[in-house]
**Q** 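After the structure tokens below, expect a handful of questions from me.
The figures here come from the full heavy-atom set of this structure, side chains too, leaving out hydrogens, waters and symmetry mates. Residue numbering restarts at 1 for every chain, and letters A, B, ... go by the order of the sequence lines.
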Protein chains: 2
Amino acid sequence: MKKKFTISTEDYLKTIYELTENGESASTNALAQKLKISAPSVTGMIKKLASAKPALVEYQKHQGVTLTREGKRAALEVIRHHRLLEAWLVQTLGYSWDEVHEEAERLEHVISEDFEQRIAAAMGHPTRDPHGELIPTADLKMPPEDSTPLSALRPEQSGTIQCVKAADTDLLRYLESLGLIPGAAIEVKDYSPFDHNLTVKVGRKTVVLGLNVTSKIFIAM
Amino acid sequence: MKKKFTISTEDYLKTIYELTENGESASTNALAQKLKISAPSVTGMIKKLASAKPALVEYQKHQGVTLTREGKRAALEVIRHHRLLEAWLVQTLGYSWDEVHEEAERLEHVISEDFEQRIAAAMGHPTRDPHGELIPTADLKMPPEDSTPLSALRPEQSGTIQCVKAADTDLLRYLESLGLIPGAAIEVKDYSPFDHNLTVKVGRKTVVLGLNVTSKIFIAM
DNA sequence: AACAAAATTTAGGAATACCTAAATTTTATG
DNA sequence: CATAAAATTTAGGTATTCCTAAATTTTGTT
Ligand SMILES: [Mn+2]
Ligand SMILES: [Mn+2]
Ligand SMILES: [Mn+2]
Ligand SMILES: [Mn+2]
């Protein structure tokens with residue numbers, strides 16, 4: 001029953017899931033950029049994924065790809081591994097939230113289902129990773145997420161940071177230094193319509209954040 | 001400074017180390033058998049390892065291989081990873097000694113030096129893995145081992161089990177059921193010269209062990 | 001020493017997953 | 001709507017690492 005995929009295949013499926021999850025289309029170029037692989041290589045690979053038996057993606061030339069049932073299953077399996085590993089690295093080995101991504105990126109492909117179960121149980125079956133992102137359940141369903149990007153908030157709106165969708169070490173360290181971490185209460189004070197800057201109060205501090213930052217922070221209200 | 005090797009390369013170097021460590025020669029066939037790869041594939045690979053810059057093995061046709069300084073370093077790095085991981089899996093995730101090998105076999109190739117240091121520190125820098133095998137030090141020296149194979153002992157000799165050199169799940173479970181684990185005190189009661197069977201007292205039990213078993217158990221006296 | 005068996009290497013090939021350069025298709029714009 | 005720009009695919013390769021079949025070399029035995 002359990003299919004074994006290559007590391008490449010798993011990274012493609014995971015990336016396709018993450019692109020389409022956010023509403024973006026999983027185009028050749030988008031995949032090439034996220035995976036740091038040339039566009040022609042991506043075309044070749046998605047053809048292979050599309051003609052696998054069973055097919056892992058649906059593909060029509062020049063139209064990008066979507067995951068099939070099988071492809072989505074495989075993607076969620078890898079994402080579950082990744083996020084459980086991140087949580088585990090933070091909780092048991094003292095990694096900080098900006099250090100875990102790279103390590104999990106490699107480990108996610110080699111741990112057994114037994115390992116997955118053991119770390120999940122050891123942590124009491126957490127539902128979110130250190131960045132606040134939802135961990136797919138053991139039966140590979142992604143729980144519903146109800147948060148709003150900070151970039152969509154306007155003055156006088158407030159809430160709590162639910163998750164930060166970023167892997168970049170420097171950005172994560174910067175956000176942490178400002179107290180912009182999951183659980184933090186924030187309130188929008190001002191909005192500049194032309195540059196999309198938001199003035200945000202977090203704790204005692206007030207900071208001005210550009211769209212590059214506000215689009216990656218998700219708020220529960 | 002740090003070189004990155006492929007998983008295949010690391011498994012070859014580790015296997016060559018383990019064969020030569022025990023005095024056996026790392027012949028094409030021995031490698032093929034241990035790695036479960038065909039003999040022609042092994043010939044091809046050792047040629048590549050020999051012509052790498054810097055060379056990882058010394059190779060003369062029909063004579064097998066030995067590790068160069070560089071090759072030995074790389075082998076010890078992988079072995080350190082493997083044995084630290086085995087210890088970590090047992091101590092923090094409740095794996096038993098017969099379950100850890102497979103998992104460590106895959107993880108050993110993907111963990112960072114940071115991960116290695118963190119688990120070593122978390123365990124208080126252990127010197128032996130769950131099978132009693134020595135863990136190479138952080139500066140990649142293999143500590144000296146002073147144990148004797150049980151197969152070399154004769155009646156009235158006794159000692160303590162230092163390590164069990166085996167990866168086979170069934171054998172390890174069998175040995176554990178007999179109390180033949182590191183730290184156990186044993187005494188040789190009888191020897192059958194023709195079949196090399198040893199009658200050994202361990203705890204309250206007395207068991208007869210063949211060469212297949214006694215050659216894998218190492219005793220400190 | 002000659003021959004058979006065993007070990008090893010050579011030859012030829014396959015699968016995976018990348019790449020660059022060039023051609024094609026889609027899309028955006030004046 | 002024609003054409004330039006952008007996106008995508010096709011064509012042709014490379015690097016790894018594995019395979020089987022056949023040839024060669026070494027080893028062991030009369
Ligand atoms: Mn990955
Ligand atoms: Mn994360
Ligand atoms: Mn391995
Ligand atoms: Mn071990």
**Q** Picking from A/H109, A/H101, A/E77, what satisfies side chain to side chain donor-acceptor pair (under 3.5 Å) with A/H82?
**A**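 The side chain to side chain donor-acceptor pair (under 3.5 Å) with A/H82 is passed solely by A/H101 among A/H109, A/H101, A/E77.
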**Q** Which nucleotides of nucleotides 10-22 of chain D have their base under 4.0 Å from a protein heavy atom (B), which only their sugar-phosphate (S), and which neither (-), written as one string 5' to 3'?
**A** B-----SBSBBB-
**Q** Please give, in whole Å, the distance from D/dT26 C1' to B/H62 NE2?
**A**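 Rounding to the nearest Å, NE2 of B/H62 and C1' of D/dT26 are 7 Å apart.
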**Q** For A/E133, enumerate each residue passing the side chain to side chain donor-acceptor pair (under 3.5 Å) test, keeping only those at least two apart in sequence or located in another chain.
**A**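 Listed in chain order: A/R83.
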**Q** Quick check: does any side chain N or O of B/E108 sit under 3.5 Å from a backbone N or O of B/L85, one acting as donor and the other as acceptor?
**A**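 No, because the side chain of B/E108 does not come within donor-acceptor range (under 3.5 Å) of the backbone of B/L85.
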**Q** Rounded to whole Å, how long is the line connecting atom CG of A/N29 with atom P of D/dA6?
**A**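 Whole-Å distance recorded here is 11 Å.
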**Q** Does a donor on one side chain sit under 3.5 Å from an acceptor on the other, for B/S27 and B/N29?
**A**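 No, no side-chain donor-acceptor pair sits under 3.5 Å.
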**Q** Going by distance alone, is a donor N or O of one side chain under 3.5 Å from an acceptor N or O of the other, for A/H125 and A/Q117?
**A**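 Side-chain D/A pair, A/H125 to A/Q117: absent.
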**Q** What is the distance, to the nearest angstrom, from the CG atom on A/L31 to the P atom on D/dA7?
**A**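 Roughly 14 Å, once rounded to whole Å.
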**Q** Would you kindly give the CD-to-P distance between A/Q60 and D/dT9, to the nearest whole Å?
**A**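 Spelled out: CD on A/Q60 to P on D/dT9 is 11 Å.
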**Q** Rounded to whole Å, please give me the gap between CD in A/Q63 and P in C/dT24.
**A**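 So the two atoms are 20 Å apart, to the nearest Å.
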**Q** Show your reasoning for whether ring pair (Phe, Tyr, Trp, His ring centres under 6.0 Å) applies to B/W88 and B/F115.
**A** CA-CA 11 Å; B/W88 176 248; B/F115 186 104; 7.3 Å; no
